[in-house]
Amino acid sequence: MKTVERLDEWKALGIISEAQHQSLGALVRRERFSVFVELNAILYIGVLSLIGGLGWTFRDYVENLGDAAILSILVVLVTASLGYCVARGAPYSNSQVPAPSLIFDYVLYFGCLAFSLTLAFVETRFGIFGGWDAHLLMASLLFAALAYRFDNRFVLSLALSTLAGYLGLTLDLFDAIDSGVLRLSAMAYGFFLLGVGFLLHRLGIKRHFFDVYLQLGANAVLLAAISGIFEPSWPLYLGGLVLLCAASIYLGVRHRRFAFVTYGTLYGYVGLSIRLLYEVGSVTGALFYFVITGSIVVFALVVMARRFGRDE
């Protein structure tokens, strides 16, 4: 039986969906297929690498180039990239706005990173901001404004991640580096993102950004919960982790978001496994445990992924 015929049989039996049948059939027949996601990721990584290369060059040749020359180059890069976005960007809208050109999003991302590099250079050489926390706060506010103005979810993720770094440094400045305080702060930050995302979604402001808030907020909350597994009060954290994972799986299934089913499954599995193996303390038992239970978890996720794909 040919591969195409087997695909037709799987489709008839309901093993694969129509969309999966078309995608796999195109691969088998060597037809054209989209590599947009892969190219998009490569281009974003390329922009990040370019900024990293500029930072490395300026660091090693600062004495030869001079502060004024480096700062001038950075200001020109920021002004040119963000100026391009202002000139070419479509008017603001609460709904989703497509990029006006193929390079628009990458120029915006480059401008954001160049701005952050400029602030880092100024702080390193002159110390005018009085600490890295001010640098991170300024960068996060600008990134958030640009993300909403030019409708870019990647820049929004950058803004929220930078804000998390700012909050971490702020706690450090107040000598609150206690692990319990950091854990509760991370959990509060995660719930804050979930609340803000839900509020903006209800208000109809960039509803397609909702997934960014959910993704970052859920991971922050679950990571904070799992980090308390080794604390003396671990039963409280473990119970909270189980409840959060159950909620993530339930809501993920209900709202057709498989990523949150995966989060709930993996975070719950890791948290329970860490605590169980910590109590057992057997290397051989740990190996058998991970081989058996890990296979079960992977198999369950594959089955659920197929079910999601078939239903959607």
Side-chain angles (χ1 to χ4, degrees), residues 157 160-172 174-199 201 210-308:
S157 301
L160 298 179
S161 302
T162 305
L163 180 60
Y166 162 74
L167 294 175
L169 281 182
T170 302
L171 290 174
D172 189 12
F174 283 98
D175 295 327
I177 259 323
D178 178 75
S179 59
V181 174
L182 287 175
R183 186 177 300 110
L184 293 177
S185 299
M187 190 169 293
Y189 178 68
F191 281 119
F192 168 77
L193 292 183
L194 295 174
V196 170
F198 180 76
L199 176 62
H201 185 269
F210 187 40
D211 196 60
V212 176
Y213 288 98
L214 288 181
Q215 296 277 354
L216 294 179
N219 278 282
V221 171
L222 292 171
L223 279 173
I226 205 172
S227 67
I229 296 298
F230 292 109
E231 296 294 326
S233 56
W234 65 266
L236 178 64
Y237 286 104
L238 184 59
L241 176 65
V242 171
L243 291 177
L244 290 170
C245 290
S248 180
I249 294 173
Y250 170 75
L251 294 174
V253 172
R254 180 176 179 181
H255 296 286
R256 314 305 308 160
R257 294 177 180 271
F258 181 68
F260 295 93
V261 177
T262 304
Y263 295 153
T265 303
L266 293 182
Y267 278 108
Y269 170 71
V270 171
L272 290 171
S273 299
I274 289 175
R275 196 63 229 179
L276 178 63
L277 296 178
Y278 181 79
E279 297 294 334
V280 174
S282 171
V283 177
T284 304
L287 291 176
F288 277 109
Y289 172 83
F290 278 117
V291 169
I292 296 174
T293 60
S295 301
I296 293 174
V297 169
V298 171
F299 177 77
L301 288 176
V302 170
V303 171
M304 286 189 290
R306 289 183 176 180
R307 179 62 181 272
F308 269 74

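Rounding to the nearest 0.5 Å gives a distance of 5.5 Å between CZ of Arg257 and CG of Leu214. Taken to the nearest 0.5 Å, the CG atom of Leu241 stands 6.5 Å off from the CG atom of Leu272. To the nearest 0.5 Å, the span separating CZ on Arg256 from CG on Leu251 amounts to 13.0 Å. Here the OG atom belonging to Ser185 is positioned 8.0 Å from the CG atom belonging to Leu167, to the nearest 0.5 angstrom. Atom CZ of residue Phe198 and atom OH of residue Tyr213 lie 14.5 Å apart, to the nearest 0.5 angstrom. The CD1 atom of Ile249 sits 4.0 Å away from the OG1 atom of Thr265 when rounded to the nearest 0.5 Å.
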Assess whether side chain to side chain contact (heavy atoms under 4.5 Å, CB included) is satisfied between Val261 and Phe258, documenting all intermediate values. CA-CA 5 Å; Val261 177; Phe258 181 68; 4.2 Å; yes
Determine whether Tyr267 and Asn219 satisfy the following criterion, side chain to side chain contact (heavy atoms under 4.5 Å, CB included), listing intermediate values before the conclusion. CA-CA 9 Å; Tyr267 278 108; Asn219 278 282; 2.8 Å; yes
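A donor-acceptor contact shorter than 3.5 Å links the side chain of Arg275 to the backbone of Ile229. With hydrogens and angles ignored, the 3.5 Å screen pairs a side-chain donor or acceptor of Ser248 with a backbone N or O of Phe260.
Of all heavy-atom pairs spanning Val212 and Ser157, the tightest one is CG1-OG, 3.4 Å. Ala220 approaches Ala186 most closely through the heavy-atom pair CB-O, 4.0 Å. Minimum heavy-atom separation, Phe191 to Leu244: CZ-CD2, 4.2 Å.
Pairs engaging residues 187-199 under the side-chain hydrogen bond (donor to acceptor under 3.5 Å, both in side chains) rule: none recorded [sequence neighbours left out].
Judged by the 6.0 Å and 45° rule, Arg183 forms a cation-pi pair with Tyr237.
Between Tyr166 and Leu163, some side-chain heavy-atom pair lies under the 4.5 Å cut-off.
The 12-atom threshold is exceeded at OH of Tyr269, counting heavy atoms of other residues, nucleotides or ligands nearer than 6.0 Å.
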